[in-house]
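Notes to accompany the following structure.
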Amino acid sequence: MTKNYGFDTLQVHAGARPDPATGARQVPIYQTTAYVFRDADHAAALFNLQEVGYIYSRLTNPTVSALAERIATLEGGVGGVCCSSGHAAQIMALFPLMGPGRNIVVSTRLYGGTVTQFSQTIKRFGWSAKFVDTDDLAAVAAAIDENTRALFCESIANPGGYVTDIPALAAVADKAGLPLIVDNTSATPWLCRPIEMGATLVVHSTTKYLTGNGTVTGGAIIDSGKFDWSASGKFPSLSAPEPAYHGLKFHETFGPLSYTFHSIAIGLRDLGMTMNPQAAHYTLMGIETLSLRMERHVANARKVAEWLEKDPRVEFVTYAGLPSSPYHDRAKKICPKGAGALFTFAVRGGYEACVKLVDSLELFSHVANLGDTRSLIIHSASTTHRQLSPEQQKAAGAAPNVVRVSIGIEDADDIIADLDQALAKATA
Ligand SMILES: *Cc1c(COP(=O)(O)O)cnc(C)c1O
């Protein structure tokens with residue numbers, strides 16, 4: 001979109017226009033695998049990347065493209081690619097940067113699934129991750145070696161009420177000539193703008209707030225278009241000749257769009273982690289109301305966290321929106337409109353009380369998800385983190401006496417009343 005529209009306008013309109021064939025106002029679900037070529041020359045130009053167009057839906061699809069453009073616009077990036085899940089987006093984001101023997105330097109405070117993906121699964125590709133406390137910038141700098149290809153963090157880290165100092169981390173990445181990748185899932189672009197703070201790439205699990213209604217899994221990678229992929233020789237996938245496209249050099253040919261084009265022409269083509277048009281449709285529906293929902297999510301989270309913190313049945317609450325949080329001041333800088341709607345609290349009575357609490361709630365759903373319109377709760381120690389020792393659980397912010405909540409957009413009074421009755425049963 002060329003006009004300087006505000007966020008609320010862009011979340012409804014960016015990437016979409018009335019369908020040129022039918023005038024359909026809403027983005028149609030282009031439920032097709034292939035697209036008819038005008039003639040043989042057109043087909044050849046598309047396959048040579050000389051002309052941009054639709055070939056096959058593993059690479060691009062108009063419904064999915066509309067969503068990618070919308071998220072890229074909201075994040076202030078130049079291009080974006082959607083994937084089948086947030087975890088797919090993370091692999092896709094690293095793919096153009098990495099190779100056997102290469103590593104990434106990553107925050108210790110990450111979504112549990114990401115910890116597993118980075119500490120275990122990526123080893124099968126010959127990649128590795130070094131986990132570092134991103135509050136210790138000297139340790140981050142020290143962890144970077146000649147094989148490091150990116151830094152990775154979450155803006156608001158899931159789940160322990162931690163906020164990353166993105167500008168400080170971006171400065172370390174800049175100095176080392178490396179891209180900074182920020183997972184902005186918990187914050188969304190309405191609360192946090194990583195690219196404006198120096199991030200190179202932003203990844204999302206669109207499964208969460210961007211879709212917002214718990215219907216589909218999806219992911220996205222957004223490129224700032226600001227990184228010089230040819231400066232160091234460390235990113236040959238983008239700077240060196242690509243044999244599969246007659247020696248084409250992505251960065252030289254596509255400039256700021258090189259990362260996006262590579263992710264489609266190589267990443268989606270060969271890894272196949274494609275978002276389907278139905279999923280894109282549900283996410284496009286959800287994203288239209290992103291700012292309205294986030295405003296309510298944050299307002300409710302603040303009320304619930306304040307109420308819990310005053311309650312004698314609760315030991316502590318980790319929410320960066322509370323003045324008691326060590327990350328309160330940083331949150332004001334990194335996410336000035338609010339610290340999200342995801343936090344943990346500790347229940348007096350430990351493991352047993354937490355299990356009783358989860359079982360006694362009526363409005364909350366006990367699920368392994370977050371970012372739904374509905375209020376959600378999980379007792380990590382008895383579910384997602386049950387394989388870990390109590391020490392490991394504590395380090396991961398999932399101690400036996402702690403539950404994680406994702407505060408929904410229901411009436412705050414109803415959410416609080418539900419917690420009140422369940423806490424009474426849990427600590428009786
Ligand atoms: C859920 C989540 C992911 C993984 O996304 P999926 O869509 O479940 O694959 C990654 N990062 C964060 C912060 C998440 O909340």
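For ligands, and for the atoms within them, numbers begin at 1 and follow the listed sequence.
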Between D145 and K130, is there a salt bridge with N-O shorter than 4.0 Å?
yes
Do D135 and R330 meet the salt-bridge criterion of a basic N to acidic O distance under 4.0 Å?
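Here R330 pairs with D135 in a salt bridge, since their nearest N and O are under 4.0 Å apart.
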Check each N or O atom of ligand 1 against all protein N or O atoms and list the pairs under 3.5 Å, with atom names and distances to 0.1 Å, one per line.
from     : atom 1 : to   : atom 2 : distance (Å)
ligand 1 : 5 (O)  : S205 : OG     : 3.0
ligand 1 : 7 (O)  : G86  : N      : 2.8
ligand 1 : 7 (O)  : S205 : OG     : 2.8
ligand 1 : 7 (O)  : T207 : OG1    : 2.7
ligand 1 : 9 (O)  : G86  : N      : 3.0
ligand 1 : 9 (O)  : H87  : N      : 2.9
ligand 1 : 11 (N) : D183 : OD2    : 2.7
ligand 1 : 15 (O) : N158 : ND2    : 3.4
ligand 1 : 15 (O) : K208 : NZ     : 2.7

Please say whether the positively charged group of K208, taken as NZ for Lys or CZ for Arg, lies over the ring of Y111, i.e. under 6.0 angstrom from the six-membered ring centre and within 45 degrees of the axis.
yes
Examine Y162 together with Y327 and report whether their ring centres are nearer than 6.0 Å.
yes
Steps toward salt bridge (charged side-chain N to carboxylate O under 4.0 Å, His left out) verdict (D420, R313)
CA-CA 10 Å; D420 192 23; R313 296 166 294 188; 2.6 Å; yes
Spacing of C153 atom SG and I181 atom CD1 [to the nearest 0.5 Å]:
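If we round to the nearest 0.5 Å, C153:SG and I181:CD1 are 9.5 Å apart.
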